[in-house]
Amino acid sequence: MKKILQDLNFDELNALCDELREKKYRAEQIYHALMLGKKISETTTLPSSLKDKLLEEYEDEPVKIIKTQLSSDGTEKYLFSLSDGGLIEGVFMRYKYGNTMCVSTQVGCRMGCRFCASTIGGLKRNLTSGEILSEVLTVNALHGGDLKKREVTNIVLMGCGEPLDNYGEVVKFLRCVSAEGGICISPRNISLSTCGLVPQMYALADEGIPVNLTVSLHAPDDESRREIMPVAKKYSIAEILKACSYYFDKTGRRYIFEYSLVSGVNCDDGHAKKLVKLLSGRPCHVNLIRLNEVRETKLYAAEEKEAQNFLKKLTDGGLSATLRRRLGTDIAGACGQLRAGYTEGLE
Ligand code: SAH
């Protein structure tokens, strides 16, 4: 496999140009072209001798859109192929305040959450920071965005994979995507979602990149959480809440809990009561979403009425909570479903 130029930050690109005995301004030109989502082969500002040199060692297109699905609500879902044939997904969502890109951080996932399609085949490999960055740059360019007028204004790390299980590359990605002179998306407009890898949550709090932290909770107590999330056998909810408080102290950012409503599993009145007790008085918000059903799992979404009732119980109990719209459900909205379908030849 060739190397990935987007893995290099601006300083590393400068060092590469020194090594190749190229002038300093070439590093700026290459960086600018990459940030615009251009392929090296298409770049008009570089001499072909330099392009040839780069392309001998580096991928021209590290992530390639091989399939796009459009939803009636404007959501777009992409299947990307990587240079080794790996498949990941990305989603582009339009909101009033800007457009959000949902990126993948791993090919597959090893967390084993029972309701999630991304984990069905296990973990294939980690993405590099440059591959994750390329998902954003490619989609920004696809919609006609550049560095002044960005079409991707917000990022969520909620695609395939567990971001904190690929810690080093994900942190490098966060630094590169928010760097001045690049696409420069502020950490405040980035949300990182984790199933609750406690040590890495502490480490992230100390990085000085104040992204919004989202934790996939999905249950109000350890026992029920263990039934749907194997990671709950390793870290308790109490440990997770302690790490969230540390994150809040370090960054000043309110944290968010994701809670997918699964019929008969986590959303009766008893669960609501426990959740209120657990989270009362914390600087947090609860994002409810009705489960996106995944064919393989035999878990079913809560009815709309049940979901509304659960929401009311939380807000009556004093929690800040919302029931999220399910965007893109008509295009197999749940993460991992497009990839799984393609792999099995169902598409
Ligand atoms: N691994 C990370 C991020 C990926 S998933 C995490 O666990 O947070 C992004 C969010 O979608 C998580 O909250 C995850 O629990 C949720 N999710 C996964 N499968 C889902 C499904 N079928 N329906 C609804 N939400 C789902």
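Just so you know, ligand 1 is whichever comes first in the structure, and atom 1 is the first atom listed for that ligand. The figures here come from the full heavy-atom set of this structure, side chains too, leaving out hydrogens, waters and symmetry mates. Residue numbers run from 1 in the order of the sequence given.
In Thr297, neither the side chain nor the backbone holds a heavy atom less than 4.0 Å from any atom of ligand 1. With a 4.0 Å heavy-atom cut-off, ligand 1 is reached by the backbone of Leu291 and by its side chain too. Contact annotation: for Met158 versus ligand 1, heavy atoms closer than 4.0 Å belong to both the backbone and the side chain.
The distance from the OG atom of Ser260 to the NE2 atom of His218 is 4.0 Å, given to the nearest 0.5 Å.
The local environment of NZ in Lys51 is crowded, with over 12 non-hydrogen atoms from other residues, nucleotides or ligands closer than 6.0 Å.
Interface atoms of ligand 1 facing Cys116, defined by a heavy-atom separation under 4.0 Å, are 18 (C), 19 (N). Residue Cys195 has at least one heavy-atom neighbour below 4.0 Å for each of these atoms of ligand 1: 6 (C), 7 (O), 8 (O). Under a 4.0 Å criterion applied to the non-hydrogen atoms of Ser216, ligand 1 contributes the atoms 6 (C), 7 (O), 8 (O), 12 (C), 13 (O), 14 (C), 15 (O). Residue Gly161 has at least one heavy-atom neighbour below 4.0 Å for each of these atoms of ligand 1: 1 (N), 2 (C), 3 (C), 4 (C).
For residues 181-215, the ring pair (Phe, Tyr, Trp, His ring centres under 6.0 Å) pairs, not counting sequence neighbours, are Tyr202-Tyr246.
In this structure, a donor-acceptor pair under 3.5 Å is present between the side chains of Asn309 and Asp269. A donor and an acceptor atom, one from each side chain of Tyr78 and Glu76, are located under 3.5 Å apart. In this model, no donor atom of one side chain and acceptor atom of the other lie less than 3.5 Å apart for Asn99 and Thr153.
Among Gly159, Ser260, Pro163, Cys102, the residue whose heavy atom lies nearest to atom 4 (C) of ligand 1 is Gly159. Summarising the contacts of atom 16 (C) of ligand 1 with His218, Glu293, Glu162, Gln106, the nearest heavy atom is found in His218.
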(request) Start with the C-alpha distance between Ser49 and Asp52, add both sets of side-chain angles, then the distance that settles side chain to side chain donor-acceptor pair (under 3.5 Å), and finish with yes or no. (result) CA-CA 5 Å; Ser49 57; Asp52 292 346; over 6 Å; no

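Within the structure, ligand 1 lacks Ser118 among the residues with a heavy atom less than 4.0 angstrom away.
Val171 is connected to Tyr247 through a chain of hydrophobic side-chain contacts under 4.5 Å among Ile, Leu, Val, Met, Phe, Trp and Tyr, so both are in one cluster.
Checked by distance only, ligand 1 and Val294 stay at 3.5 Å or farther apart across all their nitrogen or oxygen atoms.
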